[in-house]
Participant: 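Take this structure, written in structure tokens, and hold onto it; I'll ask about it next.
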Protein chains: 2
Amino acid sequence: MTLQIPLEHSNCSDCPIRHRAVCAHCDGDELAELEEIKYYRTFEAGQTIIWSGDQMNFVGSVVSGIASLTQTMEDGRTQMVGLLLPSDFVGRPGRESAAYDVLATTDVVMCCFRKKPFEELMARTPHIAHRLLQMTLDELDAAREWMLVLGRKTAREKIASLLSIIARRDASISKDRRAEPIVFDLPLTREAMADYLGLTLETVSRQMSALKKDGVILLEGKRHVTIPDMGRLMEEAGDDTDGGFLV
Amino acid sequence: MTLQIPLEHSNCSDCPIRHRAVCAHCDGDELAELEEIKYYRTFEAGQTIIWSGDQMNFVGSVVSGIASLTQTMEDGRTQMVGLLLPSDFVGRPGRESAAYDVLATTDVVMCCFRKKPFEELMARTPHIAHRLLQMTLDELDAAREWMLVLGRKTAREKIASLLSIIARRDASISKDRRAEPIVFDLPLTREAMADYLGLTLETVSRQMSALKKDGVILLEGKRHVTIPDMGRLMEEAGDDTDGGFLV
DNA sequence: TCACCCACTTGATCTCGGTCAAGGTATCTG
DNA sequence: CAGATACCTTGACCGAGATCAAGTGGGTGA
């Protein structure tokens, strides 16, 4: 999903974008400049961070918590079009207004930069622009993989795909040994999963139960997931078995 | 979908990317350099232009014809994840291999640039990098709009959405008067439409017939479409009535 | 002119996931 | 502790779209 900074690198700063955009080619002036235009904001679970169509006066990245980009039709049908995990970037340099609602799915801390100065810095600093292009291309890849999920996969495959995406992101942070079970807490409600996958929450619930019954996943409570065999999960997702690990 | 250069500007050159990437801030040296690394390739309808996973040694843009980015699962289910119309850009600066199959839906002429020199030029030329970032953001927006279509719209709404996207692109090239009927030839087979929308070709056919019966569209033969009332079509698509024209 | 092909249409039937409805469980509050 | 609330599960039923199966029509080549 979108973008990710290995957390062990965040000692570079408590703000991921500094590492991603700047530290790779560290430059004291740029760091100082970023520091000046930087500020933090916190949001509670369920709060709307940005309304679609609003003027956007900042860009930034998620420090902790989960946010989502969602689109809503007049009759209330909603589709999540982006999932923002810690270290993901928010905002569109060069665009004045937001294209989607950004919702805090859990409590969220964001590190923000005032947009105008950030853009000016970007214009003067080729490697920041380059970094941003790479990040955007990553997001585009993620969106397109997601389109295959939405358009062609069954409900069971959709759930397996989502679990494997989350598991992969979690696992790659801690370790990439493939054989051992992967354990994590689901950061999404059943409803958020449904909005992600184009399903209803009832179907999500049923398929979670089915995957549990079949031993593909283990569930403790409603959110704590153990994946005993990642290969098995990826078969269920309809991906080739180890594609995700080779990316 | 994706990107578009008004065709009346193409007198700047027969190759769209020169206009998009360069001419806005014309510079003789850059133009000469692009000219050197440029070449044309033609493909027949049905041919695969690029295989997913292949080494990509060029970037470029579509001069004429329609190409599509598609993903295929092992069992043959396929989903189109990008539709490339004339003037759209192909390729991922900074990536070595292709992420999707690129198929020629009709006969296609591409204008290509050898990738290595193009990237070098890009590194030296901020406004090309900037242009590319804007194009990629546009594609990301298109992909996310498409995700709403795939995840939450009914078959009828999906067809109406596709027709309105194609009509809008066609219409904006010639004129943007809203009241008059819009006429165009569908560049896609029913099967390609199905792959675009996550449907079967039978469902596409049925919904086309239904829209015709209800007077939302007029059909002469199988491909020639007239849209008497664009607002009506957009209502059927579930979009707000004039959103598309305000973009 | 006929045979063939390809893209498309239409019909009959089936099925997956949506809808509606009832319960369950954990946490918080008065 | 009772009641409220938010989140989740499960069951019964239904319908939109998939699947399977003919059939149509226009274009091409022998």
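Both backbone and side-chain heavy atoms feed into the values below; hydrogens, waters and symmetry mates do not. Naming convention: chains lettered A, B, ... in sequence-line order (proteins, then strands); numbering from 1 in each chain.
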Participant: Would you give the length of the straight line joining atom OG1 of Thr136(B) to atom CE of Met135(A), rounded to the nearest 0.5 angstrom?
Facilitator: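 Atom-to-atom, Thr136(B):OG1 and Met135(A):CE are 13.5 Å apart.
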Participant: Going by side-chain hydrogen bond (donor to acceptor under 3.5 Å, both in side chains), name the residues that satisfy it together with Arg152(B), two or more places apart in sequence or in a different chain.
Facilitator: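 Residues passing side-chain hydrogen bond (donor to acceptor under 3.5 Å, both in side chains) with Arg152(B): Asp195(A).
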Participant: What pairs of donor and acceptor atoms, side-chain ones from residues 45-53 of chain A against any protein atom, are under 3.5 angstrom apart with sequence neighbours left out?
Facilitator:
unit_1, atom_1, unit_2, atom_2, d
Gln47(A), OE1, Glu44(A), N, 2.6
Ser52(A), OG, Ala99(A), O, 3.3

Participant: Could you tell me which residues satisfy side-chain contact (heavy atoms from CB on, under 4.5 Å) with Val109(A), sequence neighbours excluded, listed by chain and number?
Facilitator: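 Here the qualifying residues are Tyr40(A), Thr42(A), Val63(A), Ser64(A).
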Participant: Check every nucleotide of DNA chain D for an atom under 4.0 Å from a heavy-atom of chain A, then give the first and the last such nucleotide from 5' to 3'.
Facilitator: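 Both ends considered, the range comes out as dC8(D) to dA12(D).
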Participant: List in chain and number order the residues that pass side-chain hydrogen bond (donor to acceptor under 3.5 Å, both in side chains) with Asp214(B), two or more places apart in sequence or in another chain; answer none if no residue qualifies.
Facilitator: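 For Asp214(B), the residues satisfying side-chain hydrogen bond (donor to acceptor under 3.5 Å, both in side chains) (neighbours in sequence not counted) are Arg156(B).
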Participant: May I ask you to list the residues of residues 148-156 of chain B, by number, that have any heavy atom positioned under 4.0 Å from an atom of DNA chain D?
Facilitator: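 Of all residues in residues 148-156 of chain B, the ones placing a heavy atom under 4.0 Å from DNA chain D are Thr154(B), Ala155(B).
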Participant: From CD of Gln207(A) over to C1' of dG18(C), roughly how many Å is that when rounded to an integer?
Facilitator: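 Rounded to whole Å, this separation is 13 Å.
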Participant: Pairs of donor and acceptor atoms involving the side chains of residues 183-190 of chain B, under 3.5 Å and at least two apart or interchain, shall be tabulated with distances.
Facilitator:
unit_1, atom_1, unit_2, atom_2, d
Asp185(B), OD1, His224(B), ND1, 2.8
Thr189(B), OG1, Glu191(B), N, 3.3
Thr189(B), OG1, Ala192(B), N, 3.0
Arg190(B), NH1, Lys222(B), O, 3.3
Arg190(B), NH2, Lys222(B), O, 2.8

Participant: Under the rule for side-chain hydrogen bond (donor to acceptor under 3.5 Å, both in side chains), what residues qualify as partners of Thr203(B), not counting sequence neighbours?
Facilitator: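 Thr203(B): side-chain hydrogen bond (donor to acceptor under 3.5 Å, both in side chains) contacts with Thr200(B).
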Participant: Once side-chain contact (heavy atoms from CB on, under 4.5 Å) is applied, do any residues pair with Ser209(B), and if so which ones, sequence neighbours excluded?
Facilitator: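 If we apply the side-chain contact (heavy atoms from CB on, under 4.5 Å) test to Ser209(B), skipping adjacent residues, there are no hits.
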Participant: Test: salt bridge (charged side-chain N to carboxylate O under 4.0 Å, His left out). Region: residues 75-84 of chain B. Which pairs qualify, not counting sequence neighbours?
Facilitator: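 Of all non-adjacent pairs touching residues 75-84 of chain B, those that pass salt bridge (charged side-chain N to carboxylate O under 4.0 Å, His left out) are Glu157(A)-Arg77(B), Asp75(B)-Arg77(B).
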Participant: For nucleotides 5-15 of chain C, read 5' to 3', which letter fits each nucleotide if B means a protein heavy atom sits under 4.0 Å from the base, S means only the sugar-phosphate is that close, and - means neither?
Facilitator: ---SBBBB---
Participant: At under 4.0 Å between heavy atoms, what does Gly198(B) touch on the DNA or RNA strands: base, sugar-phosphate, or nothing?
Facilitator: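 If one applies the 4.0 Å heavy-atom cut-off, Gly198(B) turns out to touch the sugar-phosphate alone, with no base involved.
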Participant: Residues in side-chain hydrogen bond (donor to acceptor under 3.5 Å, both in side chains) with Asp141(A), at least two apart?
Facilitator: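 Listed in chain order: Arg92(B), Arg95(B), Tyr100(B).
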